[in-house]
Amino acid sequence: MAQSKQLAKILKGKIWKFFGGIKPQELKKTGDIPIRELPLPDSVSLPVNRYLGQGGKIIVSVGDKVKVGQPLTIPGGNRNVPLHASISGEIVAISDHIIAHPSGALETCITIKSDGKDDIYPPEPLKDWETSDADTLLKRIRDYGVEGLGGAQFQTAAKLGSSIKGNRNCNIFIVNGCECEPVATCDDRLMQERAKDIVSGIKVIKRILNPKAVIIAIEDNKTNAIKAIKNAAKDEAIIRVLPTLYPSGAARNLIKIVTGIEIPYSEHTSDCGIVVDNVETVFAVKQAVIDGIPLTKRTVTVDGEKLSDHGNAWIRLGSSVNFVLKQFGYTEQPSNKVIFGGPFMGFTLPDLSIPVTKSCTCLFTPSEKELPPAGIERNCIRCGRCARVCPSRLVPYRMYALSKAGDHKKTLNCGIKDCTECGCCAYVCPSKIPLTSQFRKEKAIIRILDDKQRRTDRAKERMKLHDERLKEEAKIREAKRQAALARIAKQKEAATKNAEPSNSENKISDSARKAAIAAALARKKNQDKNSAAAANLSPEELQQRRQAAIAAALARKKAQSAAEKTNTVINETAEKTDKNLTVQSTDGLKPKAYQEISPEELKRRRQAAIAAALARKKTQSLTVDKQTNTKQD
């Protein structure tokens with residue numbers, strides 16, 4: 001019920017006020033100058049780290065020919081978009097190049113040398129976008145490199161997708177046309193010249209979000225832009241004209257002005273059912289979906305009294321700042337200062353070879369009249385002016401003191417991460433303390449410390465898992481060792497039992513051993529007797545005895561063979577008898593006398609038959625021995 005009342009207030013046009021803010025000199029002299037198209041640069045350098053992410057890769061090589069709009073990278077993760085060539089030509093380098101950062105840091109860049117043809121990669125408009133689902137439109141927006149062009153450069157598809165993820169619904173979609181940064185007028189000129197295209201982009205986003213209300217917010221110092229948007233929007237959106245106050249263009253401040261809702265800094269605005277997009281971002285969405293053109297250029301305001309000309313221009317991404325400024329009559333001098341992004345949110349460039357990126361809204365070359373020197377920094381007098389103008393309700397002088405003292409933990413507790421770096425505190429400081437610069441430095445230090453802590457935590461977690469794995473492996477090895485020892489002990493016990501004979505077995509083995517010893521002694525005694533007797537015999541008698549021994553051995557061998565044959569015959573006879581008896585019993589052919597004989601009687605008769613056969617065999621052997629002895633004699 002409370003939400004419906006709040007929405008009713010919003011639709012009626014109620015305007016709220018955010019905390020703090022200032023009214024600086026606007027310096028918007030280029031608002032009436034049309035956007036121009038600059039000539040092609042000789043080369044562009046496109047930073048790629050932002051367009052890779054985890055698992056991303058560069059898909060071109062040095063020497064490749066590329067066209068305008070051709071993809072150069074495949075992004076990894078969900079927060080990155082592909083990078084596209086902004087001119088046609090040849091890739092001459094993939095190496096480190098200075099980028100847009102106050103420190104002049106280096107980053108991997110793809111350098112393309114222009115061929116002067118400006119050949120375009122074939123555009124692919126999404127003809128059925130009006131009937132396409134949200135996933136299809138979001139994929140197109142991401143694949144065509146659309147990011148936030150208001151300065152934050154947040155991935156547009158991810159922002160839109162998070163507001164409708166799961167069971168979430170988008171309540172309000174706000175198009176940000178405030179452009180509160182002094183000097184910058186690129187959004188103002190885009191609304192004046194491309195109002196219909198911006199409204200077409202709003203239709204695409206409405207197809208994705210299906211919001212309850214669409215609001216276009218414009219500050220009241222942009223009268224021509226307000227007229228153009230009103231004529232183009234008609235019933236597609238509600239136009240809200242806001243009082244000029246810096247920084248009303250910041251997303252949370254704008255939400256507070258338009259809806260009266262304060263979004264916590266711990267939450268993302270799109271996660272709370274409210275989506276805010278810059279007018280140029282909405283224009284880029286229209287080009288990506290309806291025209292099939294990827295994001296390869298943007299409008300930039302170029303102004304300052306150090307230039308002979310000024311205005312707004314379509315600038316190819318990756319063009320050097322030096323090339324852009326020369327198109328507006330800039331003469332480089334050691335005392336000149338070039339600000340990248342505007343006098344409040346921007347920073348002074350350390351080098352003019354830095355490439356223009358999607359986050360660049362303004363290039364400002366001020367004179368001392370436009371931007372007086374900062375003056376001599378003095379000690380803080382605790383006047384509290386910085387706290388009264390801070391839109392984030394922070395206490396800048398307290399954060400500054402803690403930051404300078406190196407107490408990063410307390411600085412973090414004071415809310416340094418909620419600082420939007422708007423520059424209001426430094427603007428009103430009577431002691432000329434560079435508060436915003438210190439806060440940027442402090443946030444960078446905290447990011448480094450957080451990253452170091454994350455790496456340390458990951459290392460500790462890996463070490464913990466490693467120790468747990470070693471302990472588990474040690475337990476497994478100990479269990480295997482104990483099992484092996486148990487098996488060995490069991491085997492030893494079994495061997496000991498088998499090696500200990502019983503008393504009866506010991507008695508039998510002892511008697512057998514004694515008998516074997518006695519037999520061996522007897523054989524030895526006989527051998528000795530035979531040897532003594534043989535010593536008294538003549539050679540002829542020895543020869544006769546030897547022949548007689550050989551003949552006796554042959555006779556024994558023959559008798560043994562005959563006995564084996566007899567045993568074989570007996571066994572075969574017994575088997576046949578058993579078989580015949582079995583068959584006859586099975587077939588019912590046994591005589592009645594046999595049928596009445598018990599198995600024990602049959603077994604006895606079989607043993608008797610075997611004994612008779614053995615006796616006959618023995619008789620045959622005795623007969624053979626007698627014959628042999630007779631022959632020897």
Side-chain angles (χ1 to χ4, degrees), residues 22-39 41 100 102 149-151 176-194 218-219 221-225 244 246-249 278-280 297-317 319-374 422-423 426-427 436:
I22 58 176
K23 290 187 177 181
Q25 189 178 359
E26 294 181 5
L27 301 175
K28 294 182 180 289
K29 300 176 294 186
T30 58
D32 297 329
I33 302 174
I35 304 173
R36 72 170 80 172
E37 187 80 39
L38 295 186
L149 300 178
N176 187 355
C178 290
E179 198 173 35
C180 57
E181 178 79 22
V183 180
T185 60
C186 53
D187 290 350
D188 184 3
R189 285 307 309 177
L190 190 68
M191 287 188 286
Q192 293 181 48
E193 298 180 20
R194 301 293 184 92
I218 311 173
E219 285 187 329
N221 61 352
K222 303 175 181 61
T223 55
N224 293 331
T244 301
Y246 179 84
S248 59
N278 179 265
V279 289
E280 190 159 356
K297 60 182 179 180
R298 66 155 298 149
T299 57
V300 177
T301 300
V302 185
D303 198 3
E305 291 187 356
K306 295 294 183 179
L307 301 173
S308 60
D309 193 8
H310 54 268
N312 294 283
W314 288 105
I315 298 179
R316 305 293 179 104
L317 299 177
S319 302
S320 68
V321 171
N322 189 39
F323 165 78
V324 175
L325 294 179
K326 284 183 177 180
Q327 307 307 312
F328 290 87
Y330 176 74
T331 302
E332 187 173 358
Q333 295 179 2
S335 60
N336 288 352
K337 180 186 292 186
V338 178
I339 298 176
F340 188 95
F344 275 86
M345 299 291 287
F347 57 89
T348 302
L349 292 176
D351 192 288
L352 296 184
S353 64
I354 286 173
V356 173
T357 60
K358 297 176 185 179
S359 63
C360 180
T361 59
C362 178
L363 292 174
F364 186 38
T365 59
S367 64
E368 291 186 0
K369 180 181 177 182
E370 291 177 308
L371 190 64
C422 64
Y427 181 78
T436 306

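All values derive from a computational prediction rather than experimental measurement.
- Legend: residues meeting salt bridge (charged side-chain N to carboxylate O under 4.0 Å, His left out) with K297, ordered by chain and number and at least two apart, are E37.
- Every residue was checked against the side chain to side chain donor-acceptor pair (under 3.5 Å) condition with S319, not counting sequence neighbours, and none meets it.
- Applying the salt bridge (charged side-chain N to carboxylate O under 4.0 Å, His left out) test to D309 and every residue at least two apart in sequence or in another chain returns R36.
- Shown here are the side chain to side chain donor-acceptor pair (under 3.5 Å) partners of T301, two or more places apart in sequence or in another chain: N312.
- Shortest non-hydrogen contact noted between R316 and P41 is CG-CD, 4.4 Å.
- The two residues C360 and F340 make their nearest non-hydrogen contact at CB-CZ, 3.4 Å.
- In this view, T30 and T185 satisfy the side chain to side chain donor-acceptor pair (under 3.5 Å) rule, not counting sequence neighbours.
- Screening residues 357-369 for salt bridge (charged side-chain N to carboxylate O under 4.0 Å, His left out), with sequence neighbours left out, gives E147-K358.
- Contact record, L371 with P366: CB-CB, 3.7 Å, taken as the closest heavy-atom pair.
- The two residues G304 and F364 make their nearest non-hydrogen contact at CA-CE1, 3.8 Å.
- Contacts of E370 classified as salt bridge (charged side-chain N to carboxylate O under 4.0 Å, His left out), with partners at least two apart in sequence or in another chain: K29.
- In this structure, the separation between CD1 on I339 and SG on C362 is 8.5 Å, given to the nearest 0.5 Å.
- Taking S359 as the reference, T357 meet the side chain to side chain donor-acceptor pair (under 3.5 Å) condition, with sequence neighbours excluded.
- Side-chain contact annotation: E181 with T361, donor-acceptor N/O pair under 3.5 Å absent.
- Counting only residues at least two apart or on different chains, the salt bridge (charged side-chain N to carboxylate O under 4.0 Å, His left out) pairs with a member in residues 182-191 are R189-E193.
- Atom CG in L363 sits 14.5 Å away from atom NE2 in H310 (nearest 0.5 Å).
- Atom NZ of residue K23 and atom OG1 of residue T244 lie 7.5 Å apart, to the nearest 0.5 angstrom.
- Here salt bridge (charged side-chain N to carboxylate O under 4.0 Å, His left out) pairs that include residues 342-353, with residues two or more places apart or in two chains, number zero.
- When every heavy atom of C180 is checked against every heavy atom of G249, the shortest pair comes out as SG-N, 3.3 Å.
- The structure places OG1 of T365 at 3.5 Å from CG of L307, a figure rounded to the nearest 0.5 Å.
- Note that the CD1 atom of I33 and the CG atom of D303 stand 7.5 Å from one another [nearest 0.5 Å].
- For the pair C186 and E179, the minimum side-chain heavy-atom distance is below 4.5 Å.
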Just list the side-chain donor-acceptor pairs under 3.5 Å for residues 321-333, sequence neighbours left out, or say none.
residue, atom, partner, partner atom, Å
Q327, NE2, F323, O, 3.3
Y330, OH, N336, ND2, 3.4

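- Partners of K28 by salt bridge (charged side-chain N to carboxylate O under 4.0 Å, His left out), not counting sequence neighbours: none found.
- The structure places OH of Y246 at 12.5 Å from SG of C178, a figure rounded to the nearest 0.5 Å.
- Judged purely by atom type and a 3.5 angstrom limit, E280 uses its side chain to pair as donor or acceptor with the backbone of T299.
- Between P24 and Y427, the shortest heavy-atom contact is CA-OH, 3.7 Å.
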